[in-house]
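Here the structure is a predicted model, which means the values were calculated and not measured. Every heavy atom of this structure was used, including side-chain atoms; hydrogens, water molecules and symmetry mates were not.
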Amino acid sequence: MKLAITTLEGKDAGSLDVSDEIFGLDPRADILHRMVRWQLAKRRAGTHAVKNRSDIARTTKKMYKQKGTGNARHGAMSAPQFRGGGRAFGPQVRSHEHDLPKKVRALALKHALSAKAKDQAIIVIDTVELSEPKTKALKTHLGNLGLANALIISGAEVQENFALAARSIPYIDVLPVQGINVYDILRRDRLVLSKAAVDALEARFK
């Protein structure tokens, strides 16, 4: 498969041969769904908690006599049905993570890249760099490329000028190639890869 290479200014910079094993698969929604669920579950804090009846410091003195009143046989004010009592079956601190095999995670990334390639939503840029950290200049470049909602993947590190210019532009995310992930790829309309990022991905899955 061939992908055209462009510059940030929108000029033609040749083409690049990419592997069909990474960019040419038939995307499977079930694998992508599993991966997105795994990512979103993994990032949940799981710090929500309530006090159950054993955590409530209230008297356990008998409220009224056991028999003869016609009321239920209560023995503690910490019961959930009383105001100020513990909550029944409330959330407790826990991890929401679940297992997903490493091979499935790698395959999901390939399918996400292939899905963007199939939709012709991948743009390859020779370098993701700016001479000055100017947001206005970057917005002009992105506008010329038709990018209003995109994930931009640079090389091993994001250039500081580019990161500073892009951080206040809504719907534009910038990540180093090590941070590429299925959720961020799918949540943006376009995927912008630097030539270095394509080379790193091909080396990663070789």
Side-chain angles (χ1 to χ4, degrees), residues 1-10 13 15-16 18-29 31-44 100 104-130 133-205:
M1 173 184 280
K2 276 188 177 293
L3 293 176
I5 304 176
T6 184
T7 64
L8 198 57
E9 292 76 24
S15 61
L16 181 68
V18 295
S19 172
D20 287 340
E21 295 180 2
I22 302 174
F23 294 90
L25 300 176
D26 189 20
R28 280 182 52 183
I31 291 178
L32 296 175
H33 175 257
R34 287 177 67 187
M35 185 62 186
V36 170
R37 275 193 69 242
W38 180 82
Q39 276 190 249
L40 296 183
K42 189 177 175 64
R43 77 180 190 179
R44 291 183 66 177
L100 189 66
V104 176
R105 285 181 264 155
L107 185 61
L109 182 54
K110 292 180 184 179
H111 279 262
L113 294 169
S114 296
K116 288 298 182 186
K118 185 176 181 180
D119 294 339
Q120 296 183 339
I122 290 182
I123 295 177
V124 180
I125 291 182
D126 57 349
T127 56
V128 181
E129 294 180 357
L130 288 175
K134 299 292 185 182
T135 299
K136 185 176 181 180
L138 180 57
K139 287 182 75 172
T140 301
H141 291 321
L142 296 179
N144 292 338
L145 292 172
L147 299 174
N149 187 313
L151 171 65
I152 301 173
I153 304 296
S154 69
E157 292 183 1
V158 179
Q159 189 209 25
E160 186 178 4
N161 285 349
F162 196 94
L164 291 172
R167 66 183 179 180
S168 60
I169 304 178
Y171 309 115
I172 298 294
D173 299 327
V174 183
L175 292 173
V177 69
Q178 296 93 332
I180 191 170
N181 64 87
V182 173
Y183 178 67
D184 282 327
I185 290 173
L186 297 180
R187 72 194 286 260
R188 295 298 176 211
D189 293 342
R190 309 290 288 276
L191 175 62
V192 180
L193 299 171
S194 68
K195 189 173 180 299
V198 175
D199 293 338
L201 287 170
E202 298 230 318
R204 176 175 170 180
F205 290 120

Heavy-atom side-chain proximity of [X] to [Y] below 4.5 angstrom:
X    : Y    : result
L32  : V182 : yes
L164 : L130 : no
V177 : L201 : yes
D26  : K118 : yes
I180 : L113 : yes

Could you measure the distance from the [atom1] atom of [X] to the [atom2] atom of [Y]? Nearest 0.5 Å is fine.
X    : Y    : atom1 : atom2 : result
L3   : I122 : CG    : CD1   : 6.0 Å
L109 : S114 : CG    : OG    : 9.5 Å
L8   : H141 : CG    : NE2   : 5.0 Å
M35  : N181 : CE    : CG    : 7.0 Å
I5   : L193 : CD1   : CG    : 11.0 Å
I125 : L147 : CD1   : CG    : 6.5 Å

Sidechain-backbone polar pair: D20 side chain, M1 backbone, donor-acceptor under 3.5 Å: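 Yes, because the side chain of D20 sits within donor-acceptor range (under 3.5 Å) of the backbone of M1.
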Any side-chain to backbone donor/acceptor pair from E129 onto Q159? Under 3.5 Å, distance only. no
For [X], what residues pass the side chain to side chain donor-acceptor pair (under 3.5 Å) criterion, not counting sequence neighbours?
X    : result
K136 : none
N161 : none
K42  : E97

By salt bridge (charged side-chain N to carboxylate O under 4.0 Å, His left out), which residues pair with K134, not counting sequence neighbours? none
Partners passing salt bridge (charged side-chain N to carboxylate O under 4.0 Å, His left out) against K195 (at least two apart in sequence or in another chain):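 Result, salt bridge (charged side-chain N to carboxylate O under 4.0 Å, His left out) vs K195: D199.
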Crowding at [atom1], [X] (>12 non-hydrogen neighbours, <6.0 Å):
X    : atom1 : result
Q178 : CD    : yes
E9   : CD    : yes
F205 : CZ    : yes

Taking all heavy atoms of [X] and all of [Y], pick out the closest pair and write down the distance.
X    : Y    : result
T135 : A165 : OG1-O, 3.0 Å
F23  : E202 : CE1-OE2, 4.3 Å
A166 : V174 : CB-CG2, 3.6 Å
G155 : A196 : CA-CB, 4.1 Å
V36  : L186 : CG2-CD1, 4.0 Å
G10  : L145 : CA-CD2, 3.9 Å

Is there any salt bridge (charged side-chain N to carboxylate O under 4.0 Å, His left out) pair reaching into residues 174-190, and which pairs are they, with sequence neighbours excluded? D173-R187, D173-R188, D184-R187
Does the side-chain contact (heavy atoms from CB on, under 4.5 Å) test come out yes or no for L142 and I152, once each step is laid out? CA-CA 11 Å; L142 296 179; I152 301 173; 4.2 Å; yes
